[in-house]
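To start, the structure under review is shown below, and the notes come after it.
Because the structure is a prediction, the values reported are computed rather than measured. Below, each value reflects all heavy atoms present in this structure, side chains not excepted, and no hydrogens, waters or symmetry copies.
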Amino acid sequence: MNGHIARTGRRAVGSLHDCLPHPVPVAELHVQVRTVRSGGRTELVEGELTANGETVMLARAWRMAAGPADTPQLRPEAEPPPLPGPQTPHTMAGTQPYGYIAAMEWRFEPGKCFDTPDRTRR
């Protein structure tokens, strides 16, 4: 959606993706992007993903005018720590991970994973 009628000095500041009740099929998909609201400093862009004439996903993104490059930083913030390296694969007892679970890269705190009991619940 960032490429849709791109305006100089704009950047995406938030997005929302709605997966509708129909699963996204492994088939030919069509994408349509439109500007819902266009203003002086903000605009709302919407994308629709369809398969066989049915909407399977909607996405909306706000684009906002970026501040000048010489704007002073109001609050000093430390750089975030680097991401850790890959972790060993984890399992879930009694299940076959597929679909969403298999497609995601899961990261856990040291000593925790899918099968670690949650000791905070009673």
Side-chain angles (χ1 to χ4, degrees):
M1 289 190 302
N2 256 348
H4 171 69
I5 310 176
R7 292 170 61 184
T8 305
R10 303 280 172 153
R11 62 187 178 109
V13 294
S15 65
L16 172 69
H17 301 83
D18 291 322
C19 297
L20 302 175
H22 309 287
V24 178
V26 180
E28 185 174 329
L29 302 171
H30 298 277
V31 177
Q32 183 178 22
V33 181
R34 63 190 155 273
T35 301
V36 177
R37 179 194 181 282
S38 184
R41 297 189 51 82
T42 61
E43 61 189 1
L44 179 61
V45 180
E46 179 179 77
E48 182 178 19
L49 186 66
T50 59
N52 298 324
E54 292 190 48
T55 302
V56 292
M57 184 179 285
L58 288 173
R60 285 187 166 194
W62 283 99
R63 292 194 295 200
M64 208 173 157
D70 61 348
T71 302
Q73 190 172 4
L74 300 177
R75 178 180 51 197
E77 294 182 14
E79 287 293 316
L83 288 175
Q87 294 182 339
T88 57
H90 297 278
T91 62
M92 286 190 288
T95 64
Q96 285 290 332
Y98 62 92
Y100 174 77
I101 293 172
M104 298 299 297
E105 178 183 348
W106 297 90
R107 293 180 180 256
F108 298 92
E109 295 178 53
K112 302 220 176 179
C113 65
F114 288 116
D115 295 329
T116 305
D118 185 359
R119 304 216 186 279
T120 61
R121 293 185 186 187
R122 303 226 165 156

Under the side chain to side chain contact (heavy atoms under 4.5 Å, CB included) test, residues paired with E54 that sit two or more places apart
H22

On a heavy-atom basis, the closest approach of E43 and S38 is OE1-OG, 3.8 Å

Do you know the tightest heavy-atom contact between V56 and P25?
CG1-CD, 4.3 Å

Out of curiosity, does V36 fall in the hydrophobic cluster containing V13 (side-chain heavy atoms, cut-off under 4.5 Å, transitive links)?
yes

Any chance you could measure M57, atom CE, to T50, atom OG1, to the nearest 0.5 Å?
12.0 Å

From H30 NE2 over to E48 CD, what is the distance, rounded to the nearest 0.5 angstrom?
11.5 Å

Hydrophobic cluster membership, L44 vs L58, 4.5 Å side-chain cutoff:
no

Same hydrophobic cluster for M64 and V45, using side-chain heavy-atom links shorter than 4.5 Å among ILVMFWY?
no

If only atom types and distance count, is the side chain of R10 paired as donor or acceptor with the main-chain N or O of R41 below 3.5 Å?
yes

After noting the C-alpha distance and the side-chain angles of R60 and D18, does the key distance pass the side chain to side chain contact (heavy atoms under 4.5 Å, CB included) rule?
CA-CA 9 Å; R60 285 187 166 194; D18 291 322; over 6 Å; no

